> 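Quick one: the structure is below, and I'll ask about it shortly.
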Amino acid sequence: MENEPDHENVEQNLCAKTTEEELNKSFNLEASLSKFSYIDLDKELEFKNDLIDDKEFDIPQVDTPPTLESILNETDDEDESFVLEDPTLLNIDTIDSHSYDTSSVASSDSGDRTNLKRKKKLPDSFSLHGSVMRHSLLKGISAQIVSAADKVDAGLPTAIAVSSLIAVGTSHGLALIFGKDQNQALRLCLGNTSVGGQYGAISALSINNDCSRLLCGFAKGQITMWDLASGKLLRSITDAHPPGTAILHIKFTDDPTLAICNDSGGSVFELTFKRVMGVRTCESRCLFSGSKGEVCCIEPLHSKPELKDHPITQFSLLAMASLTKILVIGLKPSLKVWMTFPYGRMDPSSVPLLAWHFVAVHNYVNPMLAFCRGDVVHFLLVKRDESGAIHVTKQKHLHLYYDLINFTWINSRTVVLLDSVEKLHVIDRQTQEELETVEISEVQLVYNSSHFKSLATGGNVSQALALVGEKACYQSISSYGGQIFYLGTKSVYVMMLRSWRERVDHLLKQDCLTEALALAWSFHEGKAKAVVGLSGDASKRKAVVADRMVEILFHYADRALKKCPDQGKIQVMEQHFQDMVPVIVDYCLLLQRKDLLFSQMYDKLSENSVAKGVFLECLEPYILSDKLVGITPQVMKDLIVHFQDKKLMENVESLIVHMDITSLDIQQVVLMCWENRLYDAMIYVYNRGMNEFISPMEKLFRVIAPPLNSGKTLTDEQVVMGNKLLVYISCCLAGRAYPLGDIPEDLVPLVKNQVFEFLIRLHSAEASPEEEIYPYVRTLLHFDTREFLNVLALTFEDFKNDKQAVEYQQRIVDILLKVMVENSDFTPSQVGCLFTFLARQLAKPDNTLFVNRTLFDQVLEFLCSPDDDSRHSERQQVLLELLQAGGIVQFEESRLIRMAEKAEFYQICEFMYEREHQYDKIIDCYLRDPLREEEVFNYIHNILSIPGHSAEEKQSVWKKAMDHIENQVLLFKFLRSLLDPREGIHVNQELLQISPCITEQFIELLCQFNPNQVIETLQVLECYRLEETIQITQKYQLHEVTAYLLEKKGDIHGAFLIMLERLQSKLQEITTHQGEKSTRELASLKDVEDTMVDTIALCQRNSHNLNQQQREALWFPLLEAMMAPQKLSSSTAPPLHSEALKSLTMQVLNSMAAFIALPSILQRILQDPVYGKGKLGEIQGLILGMLDTFNYEQTLLETTTSLLNQDLHWSLCNLRASVTRGLNPKQDYCSICLQQYKRRQEMADEIIVFSCGHLYHSFCLQNKECTIEIEGQTRWTCYKCNSSKQVGKPSENSSEIKKGRITPSQVKMSPSYHQSRGDPAKKATSEPVLDPQQIQAFDQLCHLYRGSSRLALLTELSQNRSSESYRPFSGSQSGPAFNSIFQNENFQLQLIPPPVTED
């Protein structure tokens, strides 16, 4: 030891470069950082509601706790033979004994399997919590460790222990003791390399509580004790545990004479140090034998001096973690097991971890044990109950997504976790929120793997323990006083929590001002996590943080102005300030610093006009939500001017009604509001600024009264003003402020009286001589009678029943009657509204109003006046409302009924009859009312079925209904409602099972009452007999209906003869009534044309199913009928008839040309004896017209054929070019197995290339079941293109072909395809079918048209033409897959030739 001072001098020189600032940050001894831990503990006691889950469940207690011997003899879950996953992990033959013991993830991957667990990405918590941890390199200590290795062969560092001093053990058996002062000087160098050669590397270190003793455990099993004051070796222990096993852990307990060690055999021993007669001895006792399961982690409970009297400390608790369970035992007063907790199934390579800390739960401080293995951390709270027994309760556990290799408490609320890829995670224990993640691979952390494998003694450990040791770094991490020290291969790092001010400043240095403010606000509100440096009561803490936030806000405002872009668009500047200025406003208001906001901040931002505008706009939402009151007059003025300049007058109005405007120029604001039509704001300013409630009403009345009194229609703007006036009056009379809030209570009676007195003024202030009395009431009644009376009704409800209120009510009623009854310029609806209002008031039980009853009789006469048919339904509705509101007591009922019947007010009659229970008379009311006649059956049903009516009443209703049915009127309406589906009543005809005779009776009634609807009704009816129905229609001489029925029966000729006879009779009328009035002539011609069109339609519908002779029997008589009038002498026929008949005859010829050959038609005309005698001149026009039609159709046919031939030639040329073009694959490997296609050639496998460019082995496609059946052939489909469509319907296959995802476009490089699928030549087809590959190419070519091809159009036209239905494009094709080209919304006719494609 003589050389120790020299070493110390050497190391002190090495650390001279350490800066004072770095040292100050790294250490502050017990006076600062160590104090934080206990301050935090005291703070935690203040919280009444702890965030730990209260749903604790107790680990069951047993009457007789198990002994250590019984636990050791238990059969653990290790019956299965342990299989080492990677045998190379224990290959010790090739490992150098001096290079293996300091491995690091940063330098070499240690075979960590837990990398695969990192499935989800960490959230970025930096912006939320800032940088929580400060980590610093201890440059002095790090430099001296490297120097010691070089100069005195100390070896690489292997273990670290921290207390008031820092002890670092090396691989050559030396223990280097450093001070924690600013110099980080080397105090002692304990041991020497010769002893290190004998004992091996230091594998564990421990310093006692008072920092007077150091225990060193060695890789070969020895233990030494040193005096840290003198540097003397006090004990050298070689027999404390079985020889040949390394010391994995050695720990002092709170008792300086008691220590615990754990060796690589998995055993745990208690070491008791004694000094008898000056001789130092050590007694060893085995606490746990590794023969039944190795212990690989131990942790005694340490209590700080301030907790030395805690009742738990007397038990001297020790936690041990084996590979299968956790044990908590008490060493004092006697050895006792307090808890066992099995892990369950775990990853055998994960590291067991233990850590104690005192925490406050429910206002009591107790120790909490955290233990974990893998990715779950369990928390056990240890208490002592009143009986003196230890009670353990499990708390909320923590689930992680990474495997842990270290767990450290930094204080009672915050834990620091190190995962298997050397990332630190700072976690808030109570909320389990991750505060920060720090990468520490630069530390090059030392791992204790060699000691767990016991390489120094020959590797005599179990494979399970060796596997756990792969990631063991127990001795490389040590915590003390809120600091965590990490030992690297060449350095020592220290980490600690930053103070709250430091965290904020760190964000400011990163130029994250918004995040810094958010973090500071979380400190202010007490919501931040891992807070250090804030003490005192809540108000004091808030004041300190608020001062710092104000400083940041000034800096933020300066930065906003400084960083503003000088050049560019104004929008860029606006966006810049819109991002920054709201932050200043928000935090000033959150801090309740309006003085700061409206003085310094506003003055600073006003330097820039854009910033000033954004600032003012930011105030709007706070003003509208009433969170900002007491704005300074200057800001208020600037705010209004700003929005006024931007033409945002609606915003100005919203702001004014939320501000205290007494400090502004009232007259100027009122003028601005009136000019910009801000009526709400104007009323608000009058009310709040001047306590004036009448002036705004006068201003509004002046605008809306003149047009209303002159009968003009109001403009939209005037209607808005009138509505606002009504609402304002309503608010004033109800005691509410307009547009929001309440009128002060002391002003409410005054305001009500003022408004009432104003409304009932006899004349306005500036009245003209022509002005009628009560102008204000009259104006409001004209504007909206119903709403004004509703306002009065609400006001009457609020009136107290005192003398003045009664007088006001009677007075306003008298004025209303005088204004409305004595004037004829009010509508029945308006008068009715008034009397309905009066009836409601008179019907109240506490009514005090008086209204002359004769007025009601006048109203009845007025509403029921028979000389006025206008507004019938309106007058009836008004009278009904009047009666329902209680006005019936004002009338004589018999007179009321007579007048209602006379005025055809059937709803009034119903109302009166119902009062008298004369339900049978109500049926007559329904039948006479055209608007409600269909509801009569519902009424009858309700009377007969709903209980509550007497038998006599039901009988009278039944009798009345039967009387009407005998008259057949009610029967017809009933049958129509029942049978005609167009009436909107859907009745299931099958359930009714109506006989045909009932349907035929309905048809007969229909022929009587509504003959024009017979054909339409027959088309929708089903159950009737044709013969009987034909007889009915013949009886009533409905010829068109008879023809329709005959056609439906199949008698086409009979139907034709009826229509022909009708046509001939119409033509006869024309010839017999020549020369009469032109209107009658035109009507006759229209009848002829309609009848002829119906006859042509009959012939066209049925010609498809007739032979040539039958067709001629239809068409030639029709032609002769039309030509017959023209055979007469044309001299007497007026030109109008002649031309019209020729036009109609030409229409017949054009229609029949589609069914009868042109030569037959000409021959028939020429055979006519009239024309055969030389009168061809009369029909020359007809024949020439037919020839023109023939020429036109011939030209059209030739043109169409030519176009189709050109299209077909062009399409086939391009189709051939497309089919013969080669495919270009995107890659040279299979898209499924990702292997080169050449490597699979030896398997005689086919290579399939798709038109989309993907390439596959056919074997791979076959395994993926990528085949589809098309037209009896099996086709491949592209796996990648079809993967997103696998849930598609089978009907989508045709569209898939067009998208190029089905095999047609494939190239096979093996001839075996056709053999495996069968010879395609053997499949005989009745018509040539395009190969799907050709279909795809043809479809691509068709898209060049940007529409459907002419061929497709004509094909569909021909299909529709040949359809069985006679209606063109009727859509009668069967099958859901049919989609017409004409139904496509993009359908366009292409009149240009097809495009020429480039080669």
Side-chain angles (χ1 to χ4, degrees), residues 1096-1097 1099-1101 1103-1104 1108 1111 1115 1119 1142-1163 1165 1179-1219 1327-1330 1334-1335 1337-1373 1378-1399:
I1096 290 174
C1099 297
Q1100 285 178 331
R1101 284 196 299 270
S1103 292
H1104 295 286
Q1108 188 66 25
R1111 291 179 184 179
W1115 287 102
L1119 178 62
K1142 284 183 179 179
S1143 174
L1144 294 176
T1145 308
M1146 196 67 207
Q1147 191 174 344
V1148 173
L1149 286 170
N1150 288 335
S1151 300
M1152 67 188 294
F1155 302 100
I1156 298 177
L1158 184 60
S1160 300
I1161 299 174
L1162 290 173
Q1163 183 180 2
I1165 292 174
I1179 58 169
Q1180 179 182 0
L1182 297 178
I1183 296 174
L1184 292 177
M1186 293 169 59
L1187 294 175
D1188 287 341
T1189 302
F1190 172 77
N1191 290 331
Y1192 166 74
E1193 291 182 349
Q1194 185 180 22
T1195 306
L1196 180 63
L1197 179 62
E1198 292 173 353
T1199 306
T1200 305
T1201 306
S1202 175
L1203 284 172
L1204 285 177
N1205 288 335
Q1206 290 178 15
D1207 283 5
L1208 186 61
H1209 176 71
W1210 173 82
S1211 300
L1212 290 176
C1213 286
N1214 287 279
L1215 181 61
R1216 180 177 175 277
S1218 299
V1219 169
E1327 58 181 13
V1329 179
L1330 286 179
Q1334 296 168 337
I1335 292 175
F1338 183 67
D1339 185 64
Q1340 292 173 352
L1341 293 175
C1342 286
H1343 281 298
L1344 293 174
Y1345 284 108
R1346 297 179 184 175
S1348 303
S1349 68
R1350 288 187 281 254
L1351 180 61
L1353 293 176
L1354 291 171
T1355 301
E1356 184 167 339
L1357 283 171
S1358 65
Q1359 289 175 350
N1360 285 321
R1361 188 68 179 170
S1362 60
S1363 171
E1364 292 182 3
S1365 173
Y1366 62 84
R1367 296 188 182 96
F1369 316 129
S1370 61
S1372 60
Q1373 273 67 354
F1378 177 76
N1379 288 319
S1380 173
I1381 294 171
F1382 308 107
Q1383 295 170 359
N1384 186 350
E1385 61 183 9
N1386 297 321
F1387 169 70
Q1388 291 181 345
L1389 279 175
Q1390 301 293 334
L1391 303 178
I1392 58 172
V1396 179
T1397 57
E1398 298 179 0
D1399 293 335

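Keep in mind that this is a model prediction, so the values were computed, not measured.
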> Would you check if Ile1156 and Gln1108 make a side-chain contact, meaning some heavy-atom pair closer than 4.5 Å?
yes

> In chain order, what residues pass the side chain to side chain contact (heavy atoms under 4.5 Å, CB included) check against Ser1202, with sequence neighbours excluded?
Gln1206

> Measuring from Asn1150:CG to Thr1145:OG1, what's the distance to the nearest 0.5 Å?
11.0 Å

> State the CG-OG1 distance between Asn1205 and Thr1200, to the nearest 0.5 angstrom.
11.0 Å

> Quick one: CG on Leu1149 to CG on Leu1144, what's the gap to the nearest 0.5 Å?
11.5 Å

> Does Glu1198 have any side chain to side chain contact (heavy atoms under 4.5 Å, CB included) partners at least two apart in sequence or in another chain, and if so, which?
Gln1194

> Just to verify, what does Ser1103 make a side chain to side chain donor-acceptor pair (under 3.5 Å) with, not counting sequence neighbours?
Trp1115

> Can you tell me how far the CE atom of Met1152 sits from the CG atom of Leu1119, to the nearest 0.5 Å?
5.0 Å

> Let me confirm one number: the CG-CH2 distance from Leu1215 to Trp1210, rounded to the nearest 0.5 Å.
10.5 Å

> Evaluate side chain to side chain contact (heavy atoms under 4.5 Å, CB included) for Ser1151 paired with Gln1100, printing each intermediate quantity in order.
CA-CA 8 Å; Ser1151 300; Gln1100 285 178 331; 3.8 Å; yes

